[in-house]
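All remarks here apply to the structure that follows.
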Amino acid sequence: METKTTTPLLTPYKMGDFNLAHRVVLAPLTRCRSYGNIAQPHNALYYAQRAAPGVLLIAEACAVSEAARGYPHVPGLWSQEQVEAWRPVVDAVHAKGAVFFCQLWHTGRVSPTEFQPNGQAPVSSTDKQVPPEVAHDGSVLEFAPPRRLETEEIPHIVNDFRVAARNAMRAGFDGVEIHAGNGYLIDQFMKDGVNDRTDEYGGGLDNRCRFAAEVIAAVCHEAGAGRVGVRLSPFADYVDCVDSDPEALALHVMGVMNGLGVLYCHMIEPRMCVNEWMIPRRLLPFRKAFKGTFMVNGGYDREEGDKAVAEGYADLVAYGRLFLANPDLPERFRRNAVLNKYDRSTFYTSDPVVGYTDYPFLETED
């Protein structure tokens with residue numbers, strides 16, 4: 001029996017200049033279905049299915065350069081062709097009245113050599129070997145030894161982010177999210193478990209966060225701070241990317257974000273990694289410190305999302321797997337309806353339909 005309810009999660013929210021219908025956000029999800037790193041017509045259908053008036057959608061991470069890729073068939077935003085391919089996707093989302101942000105990333109040392117131009121080594125803050133990782137299909141991934149970026153190369157990577165942000169806005173996106181978590185390049189610079197540099201990008205907290213600060217400033221200058229979000233995962237330990245004092249690290253980055261007027265901070269709950277930081281409401285210090293919109297992500301259901309908003313722990317809650325399997329997730333929450341179960345085996349396949357655009361909707365109300 002379905003019942004219609006308005007709960008804290010379903011109340012309107014004003015995020016800067018954007019009027020959101022509720023607090024349910026589509027989290028950025030790598031889907032590996034943009035063949036040749038170009039957005040496809042089935043990408044437009046996928047996002048349009050999840051769009052509705054006042055819904056905030058965050059598109060899957062787009063590589064900021066050819067060398068930034070880490071997985072097959074991920075979209076990019078380094079070329080004019082990619083800009084043109086994204087435009088009909090953005091138009092389809094806007095036609096449904098939704099707000100559409102695009103996540104930008106550089107995977108750094110997590111990128112296999114096969115994705116590097118001319119078979120070069122992937123770049124990082126270090127030349128430390130990346131530990132083997134179990135792939136999405138169960139196979140074991142062996143990463144090539146990375147190459148430590150030379151100091152004079154770093155401004156070029158910063159510029160890649162700036163150009164990608166410009167391209168995202170040219171494609172029609174409402175804003176961009178900088179991926180500074182999950183063990184990717186920006187995270188590799190920030191965390192002392194990986195960054196062993198001795199130049200101005202290594203050592204103390206200020207230096208380790210310098211690259212992140214430069215990227216955030218460049219993207220804010222290009223897109224406008226009111227159209228920029230940053231994703232952080234201070235407690236995560238993906239591919240051995242750990243820090244000895246994650247709270248101090250995140251608070252330092254937030255100081256940078258506050259100073260620039262960044263629109264929102266998107267933080268991943270520590271429970272998404274099995275480590276000593278798994279305690280309830282661990283993100284509260286950051287919620288209090290950040291001056292903009294605070295978004296949380298990581299295994300939330302409807303009830304816990306309601307609680308997070310009701311208690312002031314978060315302004316917005318990003319849903320990944322549930323929104324993937326339920327293209328009408330906010331409406332299902334409103335009607336307290338049964339949710340479709342997601343199929344983990346199809347998360348990263350390249351089929352344009354199965355596990356992508358074939359999840360069923362609720363029946364239309366009379």
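- Between Val55 and His22 there is a side-chain heavy-atom pair separated by less than 4.5 Å.
- The side-chain heavy atoms of Tyr342 and Tyr359, taken from C-beta on, include a pair separated by under 4.5 Å.
- Remark: Phe115 engages no residue in a ring-ring contact (aromatic ring centres under 6.0 Å, His included) (not counting sequence neighbours).
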Would Lys307 and Glu304 count as a salt bridge (charged side-chain N to carboxylate O under 4.0 Å, His left out) if you check the C-alpha gap in whole Å, the side-chain angles of each, and the deciding distance to 0.1 Å? CA-CA 5 Å; Lys307 191 175 180 183; Glu304 194 173 5; over 6 Å; no

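- Looking at Asn37 and Gln82, their side chains come closer than 4.5 Å, going by heavy atoms from C-beta outward.
- A heavy-atom distance below 4.5 Å is not found between the side chains of His179 and Ile186.
- Across Ala67 and Gln116, no two heavy atoms sit closer than the pair O-NE2, 2.9 Å.
- Applying the side-chain contact (heavy atoms from CB on, under 4.5 Å) test to Tyr35 and every residue at least two apart in sequence or in another chain returns Gln40, His42, His73, Ser350, Pro352.
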Could you give me the CA-CA distance, side-chain angles and deciding distance for Asp206 and His252, then say whether side chain to side chain donor-acceptor pair (under 3.5 Å) is met? CA-CA 8 Å; Asp206 228 24; His252 183 89; 3.1 Å; yes

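- In this structure a side-chain-to-backbone donor-acceptor pair under 3.5 Å is present from Arg197 to Leu149.
- Annotation: side chain to side chain donor-acceptor pair (under 3.5 Å) contacts involving residues 89-102, sequence neighbours excluded, comprise His94-Asp174.
- Legend: residues meeting side-chain contact (heavy atoms from CB on, under 4.5 Å) with Asp127, ordered by chain and number and at least two apart, are Arg148.
- A donor-acceptor pair shorter than 3.5 Å can be found between the side chains of Tyr356 and Asn43.
- Expressed to the nearest 0.5 Å, how far OG of Ser244 lies from NZ of Lys191 amounts to 11.0 Å.
- The backbone N or O of Phe286 sits nowhere less than 3.5 Å from a side-chain atom of Glu247 that would complete a donor-acceptor pair.
- When the side-chain contact (heavy atoms from CB on, under 4.5 Å) test is applied to Arg166, the partners found at least two apart in sequence or on another chain are Arg162, Arg170, Glu222.
- Counting only distance, with no hydrogens or angles, the side chain of Gln49 and the backbone of Asp328 share no donor-acceptor pair below 3.5 Å.
- Identified under the ring pair (Phe, Tyr, Trp, His ring centres under 6.0 Å) test for residues 201-222, with sequence neighbours left out: Phe189-Phe211.
- Not counting sequence neighbours, Asp343 has no partner by the salt bridge (Lys or Arg N to Asp or Glu O under 4.0 Å) test.
- Closest approach of Gly119 and Thr113 over heavy atoms only: O-CG2, 3.3 Å.
- Evaluation of the side-chain hydrogen bond (donor to acceptor under 3.5 Å, both in side chains) rule for Thr357 yields no partner, not counting sequence neighbours.
- In this structure, Tyr300 and Leu322 have side chains that are not in contact, with every pair of non-hydrogen atoms separated by 4.5 Å or more.
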Candidate pair Lys128 and Asp240, rule salt bridge (charged side-chain N to carboxylate O under 4.0 Å, His left out), full reasoning: CA-CA 10 Å; Lys128 289 181 181 177; Asp240 276 7; over 6 Å; no

Evaluate Asp315 against Arg287 for salt bridge (charged side-chain N to carboxylate O under 4.0 Å, His left out), listing each step before the verdict. CA-CA 9 Å; Asp315 298 307; Arg287 199 289 187 258; 2.8 Å; yes

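- Judged as a salt bridge (Lys or Arg N to Asp or Glu O under 4.0 Å), and not counting sequence neighbours, the contacts of Glu311 are Arg281.
- Partners of Ala248 under the side-chain contact (heavy atoms from CB on, under 4.5 Å) rule, at least two apart in sequence or in another chain, are Leu205, Asp245.
- Note on Met169 and Tyr47: separate hydrophobic clusters, where clusters join Ile, Leu, Val, Met, Phe, Trp and Tyr whose side-chain heavy atoms are under 4.5 Å apart, directly or indirectly.
- The aromatic rings of Phe100 and Phe173 sit tilted, their planes meeting at an angle between 30° and 60°.
- Side-chain contact check for Val262 versus Cys220: some heavy-atom pair is nearer than 4.5 Å.
- A salt bridge between Arg334 and Glu331 is present, with a side-chain N of the basic residue lying under 4.0 Å from a carboxylate O of the acidic one.
- Proximity of a side-chain donor or acceptor of Arg227 to a complementary backbone N or O of Val176 within less than 3.5 Å is not detected.
- Qualifying ring-ring contact (aromatic ring centres under 6.0 Å, His included) partners for Tyr264, counting only residues two or more places apart in sequence or in other chains: Phe101.
- Side-chain contact between Leu56 and Tyr13: absent, with no pair of heavy atoms (C-beta onward) separated by less than 4.5 Å.
- With Gln188 contributing its side chain and Arg109 its backbone, the two residues share a donor-acceptor pair below 3.5 Å.
- With 3.5 Å as the limit, one finds a donor-acceptor pair spanning the side chains of Arg332 and Asn326.
- Here the side chain of Arg69 pairs no donor or acceptor atom with the backbone of Ala63 at under 3.5 angstrom.
- By the rule that hydrophobic residues join a cluster once side-chain heavy atoms approach within less than 4.5 Å of another member, Leu263 and Leu260 end up as members of separate clusters.
- Side-chain contact between Cys241 and Met190 is absent, with no heavy atoms from C-beta onward closer than 4.5 Å.
- Within the structure, the ring pair (Phe, Tyr, Trp, His ring centres under 6.0 Å) test picks out no pair touching residues 147-166 (sequence neighbours left out).
- Minimum heavy-atom separation, Ser65 to Asp160: CB-OD2, 3.8 Å.
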